[in-house]
Amino acid sequence: MTETVLETEGLKKYYGSTLALDHLNLQIPQGCICGFVGRNGAGKTTAIKLMLGLLRPTAGSSRLLGCDSQQLKPAIRQRIGYVTEGHRLFRWMSINELEKFQRAFFPKQWDDKFFADMIEYFGLPRKRKIKHLSNGERAQVSLALALAPNPELLIMDDPTLGLDTAIRRQFLEGMIELIMREGRTVLFSSHILGDVERVSDRIVVIDKGVLRANCSLEEFRAAIKKVVLSFADSTPAEVDIDGLLHCRSSEKELELILVGTADEQIAEWAKSNRAQKHQIAQMNLEDQFIEYTAPPNHRRLFRWEEK
Ligand code: ATP
């Protein structure tokens with residue numbers, strides 16, 4: 001049976017009167033790369049900090065590697081890697097000094113060769129001080145430092161923020177390198193859905209502090225569909241199809257966003273509503289995420305009007 005390495009139960013956080021996280025129930029199995037996505041202010045950083053015991057919940061609890069987040073013992077912490085948003089590192093230290101400093105916390109687990117290989121792979125100047133590195137280089141140092149102790153669980157908060165495409169790819173490949181070490185688990189938040197699509201096998205979506213999805217990427221990709229239907233005269237007055245999330249209509253065309261509706265059901269509905277034709281349009285993960293988290297009465301802000 002797959003072990004659950006990260007779990008939260010009714011996790012809730014208020015900052016003053018702001019509800020940042022509302023009753024989060026989450027279970028992440030061992031051995032997956034999990035993309036944690038949500039719009040700005042959705043509660044990702046709050047959830048991550050609560051999971052790591054860096055914040056106190058208003059209610060609920062969470063456990064990492066079977067241990068309550070509020071009571072993580074050093075022995076458990078040593079099995080967890082954390083990359084913070086913005087890669088906060090001691091700026092006055094060189095990469096070499098930082099390695100030495102960090103290694104002291106993990107005397108038994110630090111993998112010198114792995115750290116050296118990562119630094120070489122990223123082409124980083126070992127003697128240069130952190131304050132003289134670019135944002136991307138700092139991110140790479142952060143990743144190398146987080147991976148060198150060979151953590152069983154790696155949690156990263158928007159680790160690729162501000163990195164260019166090539167560096168982002170390199171960074172993510174570094175992550176995959178980790179997961180290739182058997183049984184490792186990664187949870188990373190990101191706004192770049194293309195990255196999530198490329199490296200994750202699981203996705204967690206939160207919206208305004210509320211969990212909206214926690215499933216395999218495959219399930220999420222298969223569940224959200226865009227259907228375009230055209231009609232000879234006019235569109236039906238009422239659209240009553242299971243799983244309807246959004247409906248946009250023009251005079252003779254309907255665009256439906258559906259969740260979990262089977263293709264056969266769509267075909268049947270199209271037929272019984274006398275659609276001339278219907279087409280299930282291709283969507284990438286970014287389109288699916290945007291539609292899935294759009295408010296119910298969402299309309300596009302701009303629409304190209306052909307003259
Ligand atoms: P982003 O993607 O923009 O980084 P996020 O999903 O990580 O956002 P959080 O940083 O967890 O979101 O913030 C969730 C909500 O809690 C937001 O409304 C934010 O304004 C609020 N919030 C976060 N930290 C504090 C704080 N220290 N005091 C008050 N409100 C806060």
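Just so it is clear, the values below take in all heavy atoms, side chains as well, and ignore hydrogens, waters and symmetry mates. Counting starts at 1 for both ligands and their atoms, in listed order.
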Please list, one pair per line, the donor and acceptor atoms closer than 3.5 Å that link side chains of residues 9-26 to other protein atoms, with sequence neighbours excluded.
{"unit_1": "K13", "atom_1": "NZ", "unit_2": "R56", "atom_2": "O", "d": "2.8"}
{"unit_1": "Y15", "atom_1": "OH", "unit_2": "T46", "atom_2": "OG1", "d": "2.9"}
{"unit_1": "N25", "atom_1": "OD1", "unit_2": "G10", "atom_2": "N", "d": "2.5"}

Let me have the donor-acceptor pairs involving side chains of residues 112-120, under 3.5 Å, with sequence neighbours excluded, atom names and distances please.
{"unit_1": "D112", "atom_1": "OD1", "unit_2": "R103", "atom_2": "NE", "d": "3.0"}
{"unit_1": "D112", "atom_1": "OD1", "unit_2": "R103", "atom_2": "NH2", "d": "3.1"}
{"unit_1": "K113", "atom_1": "NZ", "unit_2": "D117", "atom_2": "OD2", "d": "2.7"}

Residues lining ligand 1 [heavy-atom distance under 4.0 Å, listed by chain and residue number] =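 Contacting ligand 1 under 4.0 Å are Y15, A20, R39, N40, G41, A42, G43, K44, T45, T46, E85, H191.
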
Can you label the angle between the W92 ring and the F90 ring as parallel, tilted or perpendicular, going by 30° and 60°?
->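 Rings of W92 and F90: tilted, as their planes differ by 30° to 60°.
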
When you look at F122 and V141, which way does the side chain to side chain contact (heavy atoms under 4.5 Å, CB included) test go after all the steps?
-> CA-CA 9 Å; F122 290 137; V141 174; over 6 Å; no

Salt-bridge contact D287-K226 (side-chain N to carboxylate O under 4.0 Å) =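 Result for this pair is no, no salt bridge flagged.
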
Go through the structure and list residues passing ring-ring contact (aromatic ring centres under 6.0 Å, His included) with Y82, not counting sequence neighbours.
->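 With sequence neighbours excluded, Y82 shows a ring-ring contact (aromatic ring centres under 6.0 Å, His included) to no residue whatsoever.
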
